[in-house]
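Report on the structure given below.
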Amino acid sequence: MPFTLTLMSAHVLVLGGTGEARALAAALASRPGIRVTTSLAGRVTRPRALPGEVRVGGFGGVPGLAAWLREQEVRAVLDATHPFAAAITDHAARAAALTGVPLVVLRRPGWRPGPGDRWHPVPSLDDAAELLPRLGRRVFLTTGRLGLAAFAHLTELHFLVRSVEPPEPPVPPHTHTLTARGPFTLADETALLRDHRIDVLVTKDSGSDATSAKLTAARELGLPVVLVRRPPLPQGVTAVPDVATALDHLRTVLTEG
């Protein structure tokens with residue numbers, strides 16, 4: 001995508017871990033005068049290679065992030081983390097306010113139900129676990145490898161868990177794990193649900209096209225979906241829906257700065 005801004009020594013921090021973050025880093029790294037650093041939380045042991053500089057691990061909370069922004073003379077922060085990475089987004093908003101560094105949060109639109117969907121929106125993993133016994137006994141759980149402790153007490157249910165890396169205990173006693181990374185096709189997701197005789201799907205509202213096929217498969221098979229709603233964004237942050245709009249905002253804040 002076009003990005004014509006050229007500024008000498010403009011350092012941009014991308015808070016990453018998503019496909020959008022990768023696209024932002026690639027667009028920025030290709031421009032003369034733009035230095036881009038992508039920060040990864042380090043939860044995936046073998047992340048894909050990224051353009052530009054890469055930093056892995058935490059900053060040490062809000063004070064550590066604010067200090068890093070000052071020390072590295074960061075001109076802008078693009079938060080393209082997962083919609084459920086609430087802690088880093090909160091830290092970024094507070095550190096940006098402390099340092100005066102502009103912050104743009106990229107949040108892809110959430111999923112919306114269509115005709116035939118049997119969605120049960122819930123505010124948390126704990127609420128999802130409470131609802132499950134009323135919906136089925138064989139569960140396809142795609143909420144990631146973190147947070148499975150919320151379901152560990154459900155000893156009478158059988159779980160198919162899919163995550164990029166194997167989950168760590170505690171997990172439900174009757175758990176079969178699939179390690180895989182999207183995108184997933186509708187045919188694959190439909191076969192998976194049928195082969196494992198799934199009764200109910202549990203997922204987070206990530207909004208990603210790469211993982212939305214499971215929702216279509218559940219709809220076509222008439223399965224209920226427990227959808228964990230996103231945490232709210234911090235008040236006052238600038239949120240945009242896609243990479244192109246994020247780059248437009250970045251161009252504006254760097255030019256004005």
Side-chain angles (χ1 to χ4, degrees), residues 17-20 43-44 81-87 107-233:
T18 62
E20 291 93 342
R43 291 174 178 168
V44 176
T81 55
H82 192 276
F84 283 80
R107 283 294 179 270
R108 64 180 84 112
W111 289 316
R112 293 291 181 267
D117 282 322
R118 297 171 57 196
W119 288 10
H120 300 265
V122 294
S124 69
L125 292 176
D126 289 335
D127 290 288
E130 182 179 354
L131 183 61
L132 274 182
R134 287 175 269 165
L135 297 176
R137 296 180 61 84
R138 301 187 66 84
V139 183
F140 184 26
L141 189 59
T142 66
T143 56
R145 67 187 181 96
L146 302 177
L148 295 187
F151 304 91
H153 65 287
L154 297 174
T155 58
E156 297 184 359
L157 304 187
H158 292 259
F159 289 85
L160 175 65
V161 173
R162 184 168 68 193
S163 59
V164 175
E165 295 191 350
E168 298 178 358
V171 300
H174 303 295
T175 296
H176 177 71
T177 301
L178 294 177
T179 54
R181 188 195 301 265
F184 305 103
T185 67
L186 175 58
D188 288 341
E189 297 290 62
T190 301
L192 186 87
L193 294 174
R194 284 177 171 158
D195 291 346
H196 289 271
R197 298 179 288 119
I198 296 300
D199 298 320
V200 56
L201 166 67
V202 181
T203 192
K204 293 179 177 178
D205 184 15
S206 67
S208 171
D209 291 339
T211 56
S212 64
K214 61 177 176 271
L215 296 171
T216 305
R219 178 195 311 136
E220 293 183 353
L221 294 174
L223 300 181
V225 175
V226 179
L227 189 72
V228 181
R229 291 192 293 261
R230 298 176 176 187
L233 288 171

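Nearest heavy-atom pair, Ser163 versus Gly144, reported as atom, atom and distance to 0.1 Å: CB-C, 4.2 Å. Across all non-hydrogen atoms, the minimal contact from Arg137 to Glu156 is NH2-O, 3.0 Å. Ala152 approaches Pro173 most closely through the heavy-atom pair O-CD, 3.6 Å. Shortest non-hydrogen contact noted between Leu125 and Leu146 is CD1-O, 4.5 Å. Nearest heavy-atom pair, Asp126 versus Ala150, reported as atom, atom and distance to 0.1 Å: OD1-CB, 3.4 Å. Of all heavy-atom pairs between Leu148 and Pro172, the closest is O-CD, 4.1 Å.
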Between Leu223 and Leu201, is the side-chain contact (heavy atoms from CB on, under 4.5 Å) condition met? List the steps. CA-CA 7 Å; Leu223 300 181; Leu201 166 67; 5.8 Å; no
Can Leu192 and Arg162 be said to form a side-chain contact (heavy atoms from CB on, under 4.5 Å), step by step? CA-CA 11 Å; Leu192 186 87; Arg162 184 168 68 193; 3.9 Å; yes
Evaluate the side-chain contact (heavy atoms from CB on, under 4.5 Å) criterion for residues Val228 and Phe84: first the C-alpha distance (whole Å), next the side-chain angles of each, then the deciding distance (0.1 Å), finally the verdict. CA-CA 10 Å; Val228 181; Phe84 283 80; 4.0 Å; yes
If you apply the rule side-chain contact (heavy atoms from CB on, under 4.5 Å), what do you find for Lys214 with Leu193, and how did you get there? CA-CA 9 Å; Lys214 61 177 176 271; Leu193 294 174; 5.8 Å; no
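A heavy-atom distance below 4.5 Å is found between the side chains of His120 and Pro224. Within the 4.5 Å cutoff, the side chain of Leu154 has heavy atoms near those of the Leu132 side chain. The side-chain heavy atoms of Ser206 and Thr211, taken from C-beta on, include a pair separated by under 4.5 Å. A 4.5 Å side-chain heavy-atom check between Thr216 and Glu189 finds every atom pair outside the cut-off.
In this structure, CG on Leu135 lies 9.5 Å from CG on Asp199, to the nearest 0.5 angstrom. Distance check, rounded to the nearest 0.5 Å: CG of Leu141 to CD1 of Ile198 gives 10.0 Å. Here the OG-CG distance, from Ser212 to Leu215, works out to 6.5 Å after rounding to the nearest 0.5 Å. Residue Thr18 holds its OG1 atom at 8.5 Å from NE2 of His82, rounded to the nearest 0.5 Å.
One N or O on the side chain of Arg138 and one on the backbone of His196 form a donor-acceptor pair closer than 3.5 Å. Judged by distance alone, with hydrogens and angles left aside, the side-chain atoms of Thr203 form no donor-acceptor pair with the main-chain N or O of Val226 at under 3.5 Å. Between the Arg145 side chain and the Glu168 main chain, no donor and acceptor come within less than 3.5 Å of each other. Using modelled atom types, one side-chain atom of Arg107 and one backbone atom of Thr81 make a donor-acceptor pair closer than 3.5 Å. Remark: the backbone N or O of Gly222 is paired with a side-chain donor or acceptor of Arg118 at under 3.5 angstrom. Here the side chain of Asp205 pairs a donor or acceptor atom with the backbone of Trp111 at under 3.5 angstrom. Checking side-chain atoms of His174 against main-chain N and O of Phe159 turns up no donor-acceptor pair under 3.5 Å.
In the displayed structure, Asp188 atom CG is contacted under 6.0 Å by more than 12 heavy atoms of other residues, nucleotides or ligands.
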